[in-house]
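A note on names: the letters A, B, ... follow the listed sequences, proteins ahead of strands, and every chain is numbered from 1.
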There are 2 protein chains.
Amino acid sequence: MKRTIQFAPVNLGRAGEEVALQIEAAIIERQLEPGDRLPSERELQVHFNTSRGVIREALQALKQKSLIEIKKGAKGGAFVREVEVATVGESLALFIKRQPMSPYHLIEFRESLDRTITPLAITRGSAAEKEELLSKAKDLERLFLQQEPDMEQLAELDRELNLKFAQMARNPIFEWIMHALQIGFSSSDFNLYNRADYRNKTAENWRHTAQAIAEGEPLKALSHISYHYAMLLQLLELEAGDGVEIQEWTAKSASE
Amino acid sequence: MKRTIQFAPVNLGRAGEEVALQIEAAIIERQLEPGDRLPSERELQVHFNTSRGVIREALQALKQKSLIEIKKGAKGGAFVREVEVATVGESLALFIKRQPMSPYHLIEFRESLDRTITPLAITRGSAAEKEELLSKAKDLERLFLQQEPDMEQLAELDRELNLKFAQMARNPIFEWIMHALQIGFSSSDFNLYNRADYRNKTAENWRHTAQAIAEGEPLKALSHISYHYAMLLQLLELEAGDGVEIQEWTAKSASE
DNA sequence: TAGGCTCCATTGGTCGTACCATTATGACGG
DNA sequence: CCGTCATAATGGTACGACCAATGGAGCCTA
């Protein structure tokens with residue numbers, strides 16, 4: 001005959017999952033607050049009446065979710081992490097990395113995001129923030145104009161600029177998406193910044209956009225954004241085709 | 001011939017991370033394709049010259065990221081998963097669960113997303129898709145009008161409707177975001193569908209929107225979308241305040 | 001006393017082994 | 001031909017041991 005019916009098989013598959021879920025629940029329900037330290041693995045092992053391996057797997061899973069942070073040594077252990085927008089964006093990045101996504105898709109989405117954020121940033125961003133945005137844009141331009149720009153520092157500044165922009169919309173979702181896109185973009189392989197002409201135009205355009213935002217001119221800002229992404233698209237077409245120079249975009253450029 | 005993948009032994013700290021990274025890289029670079037089976041834990045243990053616990057932690061991490069799937073028993077093991085939009089949305093859900101996010105933020109983002117997708121869907125969606133969208137909207141309306149709507153089936157239909165809508169934009173990023181939002185919404189607690197008046201108006205509005213999309217009338221569609229979210233916002237205000245009925249929105253409603 | 005040094009307890013990280021639970025497969029027998 | 005059972009492969013769990021890093025207590029020296 002078949003097996004006898006098992007009542008309440010508490011082994012819901014894997015014990016590690018169960019442990020992880022319990023701790024995760026405790027964190028989400030604020031029974032454990034950011035900064036709190038969980039018991040050591042050896043204590044948890046006794047508490048959950050299980051082996052240390054199971055505890056370790058559970059903790060690693062939580063660490064993967066950026067829910068905890070693990071330190072070695074005396075007074076080490078698992079500490080509940082602060083919620084940060086920066087720590088939650090990996091899944092999109094992974095998605096972009098695995099799915100051979102066309103740069104056009106990325107650019108299209110990025111532009112739509114920028115266009116959505118712009119009016120919000122103008123309406124909700126403080127004067128100080130607008131000033132900071134403009135200041136960063138000028139920094140970026142200055143950095144771009146150098147003979148040998150530090151690509152590392154440059155990417156960082158570009159990242160900050162975009163993130164600041166998203167923050168000004170006063171909606172954490174935009175911030176989250178923007179961060180995830182940053183990762184996606186940088187992990188993507190088209191390093192257009194290597195082209196000096198693109199660099200210069202981008203920096204100049206950023207300044208114009210920040211200026212328009214500071215002045216509270218949404219249409220101007222949107223115009224610059226359109227210009228930027230149109231240029232980006234054209235550049236991609238060129239890379240796919242021959243190596244012709246950038247066309248005379250300045251003629252069609254948004255009025256300053 | 002059989003593909004052989006060379007994994008380098010690991011000497012650095014965090015051996016588990018290292019192993020996970022190597023396998024992840026192999027997956028992303030398509031050296032391992034969906035459906036492929038990784039060597040058993042005991043084999044990997046030898047290949048990486050490490051202990052089985054380390055291998056297990058690495059595999060659990062990859063499983064967490066939905067990169068692999070693990071089966072027990074003979075011919076079990078770790079299998080590379082298919083990339084699905086559906087499997088990547090957990091981080092947003094977690095984000096929303098931890099950060100007590102205002103429904104307003106969700107709604108605002110959701111509306112901006114809808115408004116962005118609309119013209120794309122009209123331009124790129126096939127006639128068949130538009131027909132399907134309208135058909136689903138009518139199904140939804142029919143379901144809503146029943147005395148005792150099956151909330152389960154209803155939520156599912158609403159989900160399909162939104163997802164179809166996002167698909168018509170022909171950009172996987174929109175699809176992904178939409179899916180993530182679905183999770184976020186459903187994990188959020190405001191079950192507005194319990195209000196019969198809201199249900200009816202929502203269903204009617206969906207039909208109007210789908211109709212406008214099918215007719216290729218972006219402005220009409222956007223108008224209906226505006227109406228929908230304005231109503232949603234008003235409902236939230238009411239819930240926060242007293243229990244007054246919905247105002248006369250129909251007067252300001254978009255022309256049909 | 002101040003500054004540094006050493007030792008040591010704590011704790012995560014790794015390793016190895018043994019055993020259990022589940023599952024596919026093939027051998028066996030009716 | 002079909003069901004049943006043994007078997008091997010494989011993940012899941014447990015236990016025990018040791019290593020490596022870390023921070024602090026206590027000691028030593030100038």
Side-chain angles (χ1 to χ4, degrees), chain A residues 1-23 27 32 35-81, chain B residues 2 5 7-23 27 32 35-81:
Chain A
M1 90 175 211
K2 210 65 179 99
R3 263 194 322 275
T4 55
I5 301 178
Q6 300 209 358
F7 292 107
V10 193
N11 294 344
L12 298 173
R14 357 228 178 274
E17 305 272 338
E18 183 61 27
V19 173
L21 281 181
Q22 287 196 35
I23 300 182
I27 293 178
L32 287 170
D36 284 359
R37 177 182 173 278
L38 274 67
S40 74
E41 295 180 352
R42 290 171 176 84
E43 289 179 66
L44 288 173
Q45 172 182 356
V46 196
H47 183 274
F48 281 100
N49 189 28
T50 181
S51 80
R52 201 174 147 212
V54 168
I55 300 294
R56 281 189 63 78
E57 281 182 11
L59 291 183
Q60 292 298 322
L62 295 179
K63 178 183 162 193
Q64 265 296 318
K65 290 188 184 180
S66 299
L67 282 174
I68 62 174
E69 175 184 20
I70 300 182
K71 296 181 193 170
K72 282 193 297 193
K75 285 194 62 176
F79 296 84
V80 179
R81 282 189 72 163
Chain B
K2 180 180 177 180
I5 298 171
F7 293 120
V10 58
N11 312 341
L12 304 178
R14 296 335 141 180
E17 304 275 340
E18 184 61 26
V19 172
L21 281 180
Q22 285 195 38
I23 299 180
I27 294 178
L32 288 169
D36 283 358
R37 177 181 173 279
L38 273 67
S40 73
E41 296 180 351
R42 290 172 176 84
E43 287 179 68
L44 287 173
Q45 171 183 357
V46 182
H47 284 156
F48 282 102
N49 189 26
T50 181
S51 80
R52 204 178 144 208
V54 169
I55 300 294
R56 281 188 62 78
E57 280 182 10
L59 292 183
Q60 292 298 321
L62 295 179
K63 178 184 162 195
Q64 256 295 317
K65 292 188 184 179
S66 300
L67 282 174
I68 62 173
E69 174 185 20
I70 300 181
K71 296 180 192 169
K72 285 191 293 192
K75 290 197 65 173
F79 297 83
V80 179
R81 284 189 69 161

Trainee: Keeping R56(A) on the side-chain end and S51(A) on the backbone end, is there a donor-acceptor pair under 3.5 Å?
Mentor: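 Flag not set: sc R56(A) to bb S51(A) has no pair under 3.5 Å.
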Trainee: Send over the distance from L59(B) CG to dG11(D) C1', rounded to a whole Å.
Mentor: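 The answer, rounded to whole Å, is 10 Å.
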Trainee: Is the shortest side-chain N/O distance from S51(A) to OP1 or OP2 of dA14(D) below 4.0 Å?
Mentor: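 The answer is yes; a side-chain N or O of S51(A) sits under 4.0 Å from OP1 or OP2.
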Trainee: By nearest heavy atom, map G73(A) and G16(A) onto DNA chain D; which one lands nearer the 5' end?
Mentor: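 The residue closer to the strand's 5' end, by nearest nucleotide, is G16(A).
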Trainee: So, OP1 or OP2 of dT10(C): does either fall under 4.0 Å of a side-chain N or O from S40(A)?
Mentor: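 It does not, given that no N or O in the side chain of S40(A) lies less than 4.0 Å from OP1 or OP2 of dT10(C).
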Trainee: Could you check how far CG of L38(B) sits from C1' of dT10(D), rounded to whole Å?
Mentor: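 To the nearest whole Å, that distance equals 14 Å.
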Trainee: Round to the nearest Å and state the distance from E57(A) atom CD to dG13(C) atom C1'.
Mentor: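 These atoms are roughly 14 Å apart.
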Trainee: dG12(D) P sits how many Å from E41(B) CD, rounded?
Mentor: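 Interatomic distance, CD of E41(B) to P of dG12(D): 6 Å.
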Trainee: Between dG12(C) atom P and K72(A) atom NZ, what is the distance in whole Å?
Mentor: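 Those two atoms, NZ and P, are 12 Å apart.
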Trainee: Does T50(A) make a side-chain N or O approach to OP1 or OP2 of dA14(D) shorter than 4.0 Å?
Mentor: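 For T50(A), the contact criterion (side-chain N or O under 4.0 Å from OP1 or OP2 of dA14(D)) is met.
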Trainee: What's the CZ-C1' distance between R42(A) and dA9(C), to the nearest Å?
Mentor: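 Atom-to-atom, R42(A) to dA9(C), this comes out as 12 Å.
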Trainee: Send over the distance from N49(A) CG to dC15(D) C1', rounded to a whole Å.
Mentor: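 Taking atom C1' of dC15(D) as the reference, CG of N49(A) is at 13 Å.
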Trainee: Any carboxylate oxygen within less than 4.0 angstrom of a Lys/Arg side-chain nitrogen, looking at K63(A) and E57(B)?
Mentor: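 No.
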Trainee: State which of dT23(C), dG23(D), dA14(D) makes the closest approach to the side chain of A74(A).
Mentor: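 Selected nucleotide (nearest to the side chain): dG23(D).
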Trainee: So if I take every side-chain heavy atom of I70(A) and compare against dT11(C), dT23(C), dG12(C), which nucleotide ends up nearest?
Mentor: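 Looking only at heavy atoms from C-beta outward on I70(A), the closest nucleotide is dG12(C).
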Trainee: Do R37(B) and S40(B) make a side-chain contact, defined as non-hydrogen atoms from C-beta onward lying under 4.5 Å apart?
Mentor: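 SC-SC contact between R37(B) and S40(B) confirmed.
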Trainee: So, is Q60(B) close to the dG11(D) phosphate, meaning a side-chain N or O under 4.0 Å from OP1 or OP2?
Mentor: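 False: Q60(B) side-chain N/O out of range (4.0 Å or more) of dG11(D) OP1/OP2.
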Trainee: Do R52(B) side-chain atoms and L44(B) backbone N/O form a donor-acceptor pair below 3.5 Å?
Mentor: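 A pair under 3.5 Å: no.
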Trainee: Between dA14(D), dG11(D), dG13(C), which nucleotide has the shortest distance from any of its atoms to the side chain of R56(A)?
Mentor: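 The listed nucleotide nearest to R56(A)'s side chain is dG13(C).
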Trainee: Name the closest nucleotide to the K75(B) side chain, picking from dT25(C), dT22(C), dG23(D).
Mentor: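 Of dT25(C), dT22(C), dG23(D), dT25(C) is nearest to the side chain of K75(B).
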Trainee: Heavy-atom distance under 4.5 Å between the side chains of Q60(B) and I70(B), does that happen here?
Mentor: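 SC-SC contact between Q60(B) and I70(B) confirmed.
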Trainee: With a 4.0 Å limit, can you tell me whether R52(B) has a side-chain N or O closer than that to the phosphate oxygens OP1/OP2 of dT17(C)?
Mentor: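 Result: no.
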Trainee: Mind checking if Q45(A) touches a base, just sugar-phosphate, or nothing, with heavy atoms under 4.0 Å?
Mentor: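 Answer is nothing: Q45(A) stays at 4.0 Å or more from every strand.
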Trainee: Pick base, sugar-phosphate or nothing for G77(B), based on heavy-atom distances below 4.0 Å to the nucleic acid.
Mentor: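 Counting heavy atoms under 4.0 Å across all strands, the contact made by G77(B) is with sugar-phosphate only.
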Trainee: What's the CD1-P distance between I55(A) and dG12(D), to the nearest Å?
Mentor: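 The answer, rounded to whole Å, is 16 Å.
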